Amino acid sequence: MNYWLIKSEPDTYSWDDFVKEGKSMWDGVRNHAARLNMIAMKEGDLALFYHSNEGREIVGLAKVSKEHYPDPTADDPRWVVVEFVPVEKFPKPVTLKQIKSDKRFEDMALVRLSRLSVGPVKPEEYDFIMQLAHD
DNA sequence: GCCAACGTTGGC
DNA sequence: GCCAACGTTGGC
């Protein structure tokens, strides 16, 4: 089981949109590092759902429901999508500010590679986030 | 193959 | 709205 973090701008696609649809095909990723992360995702892996730009907080938890396949919106078949389903909306969203002010997260991909849209999360980082989200 | 210019992302 | 970080493009 691996853990991930996926970013979305809520103006474009928010957690509420995700819940309304019941599942999401994560398309439009055109970054090689993000692509490699998506390819590494296995069905059942969990992903923190982060709102970038507006909100700047982790708002909920998603689960990989379908592993990578070619992105139908891309010209190049090497780009891939992954499908997610919602698991849980956090009672207390975890803000970027909280994360940045906590030493336990200083090596987190979200902090160190702020522009990466699909990044890995370590098991211990996942545990800390879940504690903060349910505190 | 190097690197300057430019575009995009995303935090502030 | 600004700018830092990073990726991509194109001239040489």
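Please read these numbers as outputs of a predicted model, since none were measured by experiment. Hydrogens, waters and symmetry mates play no part in the numbers below; they use all other heavy atoms, side chains included. A, B, ... follow the sequence lines: proteins, then strands. Residue 1 opens every chain.
- For the 3.5 Å distance criterion, the side chains of A/H134 and A/E88 qualify, holding a donor opposite an acceptor.
- One N or O on the side chain of A/K7 and one on the backbone of A/S114 form a donor-acceptor pair closer than 3.5 Å.
- Under the 3.5 Å distance criterion, with hydrogens and angles disregarded, a donor-acceptor pair is assigned to the side chains of A/R30 and A/T73.
- For A/K122 and A/Y126, the positive end is not near the middle of the six-membered ring at less than 6.0 Å and at most 45° from its axis.
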### Task
List the protein contact pattern of nucleotides 5-12 of chain B with one symbol per nucleotide (5' to 3'): B for base contact, S for sugar-phosphate-only contact, - for none; contact means a heavy-atom distance under 4.0 Å.
---BBBBB

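- Of the possible polar contacts, one joining the A/S8 side chain to the A/Y13 backbone as a donor-acceptor pair under 3.5 Å is found.
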